K.L.:
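So that we are looking at the same thing, I have put the structure below in structure tokens.
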Amino acid sequence: MKYLHTMVRVTNVEESLRFYCQGLGLEEVRRTDNEKGRFTLIFLSAPGDKGGEVELTYNWDPDPQPYAGGRNFGHLAYRVDDIYALCQHLSDMGVVINRPPRDGHMAFVRSPDGISIELIQDGHLPPQEPWASMPNTGSW
Ligand SMILES: C[C@@H](O)C(=O)SC[C@H](NC(=O)CC[C@H](N)C(=O)O)C(=O)NCC(=O)O
Ligand code: NI
């Protein structure tokens, strides 16, 4: 058995690609438009990591039920090279750093649709300003 992907439903393709690609650095590997089902699937993966993909599902017609994550879904986790630089980049793009990387090891942000994303850097780094003093803005 091989892990393939995690599917998340998105309400806005452009905003989602701005977050997942321009923000996190994922790349679009393929896309399918389904005229009959009236939806688009966009598969993203981290550069050089053909293992786990994220499948963004965009339904062309608004869903009668707003997408509200159940407590049974936790997060998508990525190992990153420089957690401080990535969080600064995301913050500069207007992404809220819900849980700043105080210990230089782990941070949490959310996608435009509220999907929790865990960022992990191997090895603990000393706290670096300003993240070390940044309030924890998330409800974790
Ligand atoms: C391509 C393969 O990886 C899929 O996941 S297709 C699964 C299929 N997706 C859809 O029909 C997308 C549109 C649908 N309205 C939706 O929002 O899911 C499917 O069976 N989806 C049902 C599900 O619960 O995943
Ligand atoms: Ni799928």
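In listed order, ligands and their atoms are each counted from 1. Because the structure is a prediction, the values reported are computed rather than measured. For the single chain, residues carry numbers from 1 onward in sequence order.
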K.L.:
Which residue holds the protein heavy atom closest to atom 2 (C) of ligand 1, what is that atom called, and what is the gap in Å?
P.N.:
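Atom 2 (C) of ligand 1 sits closest to the protein heavy atom E55 OE2, 3.5 Å.
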K.L.:
Using a strict cut-off of 4.0 Å, indicate which atoms of ligand 1 neighbour a heavy atom of L41.
P.N.:
1 (C)
K.L.:
Specify the protein heavy atom at minimum distance from atom 14 (C) of ligand 1: its residue, its atom name, and the distance to 0.1 Å.
P.N.:
N59 OD1, 3.6 Å
K.L.:
Heavy atoms, side chains only, cut-off 4.5 Å: are L26 and F43 in contact?
P.N.:
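Not touching, per the 4.5 Å side-chain cut-off.
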K.L.:
For N12, check side chain to side chain donor-acceptor pair (under 3.5 Å) against everything at least two apart and list the hits.
P.N.:
none
K.L.:
Answer yes or no: is there a side-chain heavy-atom contact under 4.5 Å between L76 and E118?
P.N.:
no
K.L.:
So do the side chains of R79 and D122 get within less than 4.5 Å of each other, counting heavy atoms only?
P.N.:
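Sidechains of D122 and R79: in contact.
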K.L.:
Specify side chain, backbone, both or neither for D63, according to which of its non-hydrogen atoms lie closer than 4.0 Å to ligand 1.
P.N.:
neither
K.L.:
Atom 9 (N) of ligand 1: protein heavy atom closer than 4.0 Å?
P.N.:
no
K.L.:
Hey, are the side chains of N98 and V96 touching, using non-hydrogen atoms and a 4.5 Å cut-off?
P.N.:
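Yes - at least one pair of side-chain heavy atoms lies under 4.5 Å apart.
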K.L.:
Ring pair (Phe, Tyr, Trp, His ring centres under 6.0 Å): which pairs involve residues 9-42, sequence neighbours left out?
P.N.:
none
K.L.:
Among all protein heavy atoms, pick out the one at the shortest distance from atom 25 (O) of ligand 1; state its residue, atom name and that distance to 0.1 Å.
P.N.:
M7 CE, 3.5 Å
K.L.:
Which atoms from ligand 1 have a heavy atom of H5 less than 4.0 Å away?
P.N.:
3 (O)
K.L.:
Could you check whether R31 pairs with E28 (Lys NZ or Arg NE/NH1/NH2 to Asp/Glu carboxylate O, under 4.0 Å)?
P.N.:
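Yes, R31 and E28 are salt-bridged.
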K.L.:
Quick check: do V8 and E55 have side-chain heavy atoms less than 4.5 Å from each other?
P.N.:
no
K.L.:
Can you find a heavy atom in the side chain of L56 that is under 4.5 Å from one in the side chain of L44?
P.N.:
yes
K.L.:
Would you say the side chain of L24 lies within less than 4.5 Å of the side chain of I117, judging by non-hydrogen atoms?
P.N.:
yes
K.L.:
Suppose the cut-off is 2.8 Å; how many protein N/O/S atoms fall inside it around the Ni ion (ligand 2)?
P.N.:
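Count of protein N, O, S atoms less than 2.8 Å from the Ni ion (ligand 2): 2.
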K.L.:
State which residues pass side-chain contact (heavy atoms from CB on, under 4.5 Å) with D63; sequence neighbours excluded, sorted by chain then number.
P.N.:
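If we apply the side-chain contact (heavy atoms from CB on, under 4.5 Å) test to D63, skipping adjacent residues, the hits are Q65, Y67.
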K.L.:
Kindly state if atom 20 (O) of ligand 1 has a protein heavy atom within a strict 4.0 Å cut-off, that is, under 4.0 Å?
P.N.:
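Not a single protein heavy atom is under 4.0 Å away.
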K.L.:
For atom 16 (C) of ligand 1, is some protein heavy-atom partner under 4.0 Å away?
P.N.:
yes
K.L.:
Strictly under 4.0 Å, does any heavy atom of R38 approach an atom of ligand 1?
P.N.:
no
K.L.:
So which protein heavy atom does atom 24 (O) of ligand 1 come closest to, and at what separation?
P.N.:
R9 NH2, 3.2 Å
K.L.:
Do Y58 and R38 have side chains that get closer than 4.5 Å, going by heavy atoms?
P.N.:
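No, side chains not in contact.
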K.L.:
Does T57, backbone or side chain, put an N or O under 3.5 Å from an N or O of ligand 1?
P.N.:
no
